[in-house]
Amino acid sequence: MTERKPMLSAAEALDFLLAAVEPIAQTQTLPTLEANGRVLAVAQTSQLNVPPMDNTQMDGYAVRAADCAGGNARLAVSQRIPAGHVGQALQPGTAARIFTGAMIPPGADAVVMQEQCELEKTAEGDIVTIRHAPKTGEWIRRTGEDIRAGSIILAAGTRLRAQELGLAASVGLAHLPVVRKPRVAVFFTGDELAMPGEPLKPGAIYNSNRFTLRGLLENLGCEITDYGIVPDSLQATRDTLRRAAADHDLIITSGGVSVGEEDYIKPAVEAEGRLNMWQIAIKPGKPLAFGQIDRTGQDGCAYFIGLPGNPVSSFVTFLLFVRPFILRLQGVADVAPRAFNLRADFAWAKADRRNEFLRAKINEQGGLDLFPNQGSAVLTSTVWGSGLIDNPPGQTIAQGDTVRFLPFSELLY
Ligand code: AMP
Ligand code: MG
C-alpha cells in the first residue's frame with residue numbers, strides 16, 4: 001500500500017486559497033447611498049474638519065470663562081444663537097443664549113449648561129446668573145475633533161457598512177469608488193435533487209443547498225448566476241463548468257466531489273482546467289475542492305470551489321473558506337472572523353482525527369451548549385446554533401473547558 005499524503009489542515013487550506021486569489025481590478029463609482037455592503041476601492045480623504053466649526057454640546061449660555069470665575073456671575077444676554085445660525089462676537093461681560101450644535105461666537109470660550117443658569121427678565125433686557133465657574137473649552141466640541149481635514153477616513157479594501165457610509169457622508173462624500181461585485185456562478189449536482197414546489201418522487205430530496213448557498217452569496221454582495229440542478233454526468237458537469245467560466249470570477253458547486261462513481265466534479269474540473277487542492281482534514285466538509293476552469297477562446301480562468309453535498313458540510317465549508325475567498329476577491333485585507341474563548345457546558349468524548357466544527361449555542365450563562373446531533377446532513381443544527389466550535393484534531397472536551405467559538409454573526413457577512 002502506498003503511503004497517503006496527509007490532508008491539508010483548515011489553516012493550510014485557507015492560506016492556499018487566499019494565496020491564489022487575484023483581487024478584482026475593475027471599480028465603479030456609486031452614490032454613497034447605494035454603496036452599502038460594497039468594498040471601497042480607493043482610500044478616502046476628508047477635505048473638511050469634522051466638526052467644521054467649534055460648536056456647543058449643550059443648550060445653555062456661551063460665555064468667557066474669565067467672566068464667570070467667581071461662580072455667581074451676572075451677565076447681560078446679548079444674543080440668541082440656534083443651531084445653523086451664526087452669532088456676533090461676544091462682548092466681555094455678556095452671555096449668548098445658545099443651543100446644541102450652534103457655532104460658538106468669536107470671543108466665547110466656554111458653554112455653561114442651562115441647568116446651572118438662572119434667567120431674569122428686566123426692563124433693560126435678559127440677565128443671566130451663571131452658578132458655575134466653567135473651565136476654558138467646557139462643553140465645546142472643537143473644530144476637527146472627530147476628523148482633521150486632509151486625514152484618511154477610510155482605507156482601500158474597507159467593507160462599507162452603515163457606519164462607514166455615515167462617516168463618508170459626514171465629510172460630504174456623495175459618491176464612493178467601489179470594487180465591482182464578484183460574479184459568481186453556482187450549480188448543484190445530484191440526480192436525487194428536486195425543487196421545493198415539485199412533488200418529491202421516491203428516492204428524491206429537496207435541493208436545500210441552493211437556498212443556503214444563494215443566501216450566503218447574497219450576504220457577501222455577489223452577483224449570482226444560478227445554473228440550477230445539473231445531472232450526475234461527466235458531460236453535463238463539464239458543459240456547465242465551461243459555460244460558467246466564460247463570464248464569472250468564481251464557480252461554486254455543491255455535491256459530487258467525493259470519490260464515488262457518481263461523483264463527476266473532480267474529473268470534470270481536471271478536464272476543463274486544473275484541480276489545485278482537494279480534501280481537507282476537517283469535519284464536516286472533508287471533500288472540499290479548489291481549482292481553476294479555463295475560459296475557451298479567452299485569456300484567464302475562473303476560480304472553482306467545489307463544496308460537499310451534505311447540507312451542513314457545504315454550509316460550514318462556505319463559512320470557513322468561501323467567505324474569506326470572496327472577501328479577498330474584493331480586496332478586503334482582514335478576512336479572518338473574530339473567535340471567542342467560551343466555556344463548554346457539555347462534554348464531548350468523541351475526539352476525531354480531523355479538526356471538527358461543532359454546532360453550538362451560547363446559553364444564558366454565557367457558556368456553550370452543543371447540538372445533540374452533529375450529523376453533516378442535520379440542518380436543524382445550523383438553525384438552532386449560534387456558531388461553530390473550532391475543535392482541534394484529537395481533542396475531547398470536558399465540561400467547563402474553554403473552547404474556541406466562531407459566532408455565525410462573524411461568519412455570515
Ligand atoms: P454528494 O457530495 O453528491 O455525494 O452528496 C452527499 C450527500 O448530500 C447526499 O446525501 C446528497 O443527497 C446530499 N446532497 C447533495 N446535494 C444536495 C443539495 N443540493 N441539497 C441537499 N442535499 C444534497
Ligand atoms: Mg451526489
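Indexing begins at 1, ligand by ligand and atom by atom, following the structure's order. Any value given below was found using the heavy atoms of this structure, including those in side chains, with hydrogens, waters and symmetry copies removed. This chain uses plain numbering: 1 for the first residue, then up along the sequence.
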Between D54 and R141, does at least one N-O distance fall below 4.0 Å, as a salt bridge requires?
no
Salt bridge check, R159 against E164: does any charged N sit closer than 4.0 Å to a carboxylate O?
no
Salt bridge (Lys or Arg N to Asp or Glu O under 4.0 Å) against K181, all qualifying residues, sequence neighbours excluded:
none
Show the protein residues that qualify under the rule heavy atom under 4.0 Å from an atom of ligand 1, listing them in chain and number order.
T189, E192, L193, I205, Y206, N207, S208, N209, S254, G255, G256, D263, G309, N310, P311
Closest approach of F357 and I282, non-hydrogen atoms and distance?
CE1-CG2, 3.8 Å
Hey, could you give me the CZ/CD1 distance between F318 and I252, rounded to the nearest 0.5 Å?
5.5 Å
Give a yes or no answer on whether the side chain of Q44 reaches the backbone of V42 with a donor-acceptor pair at less than 3.5 Å.
yes
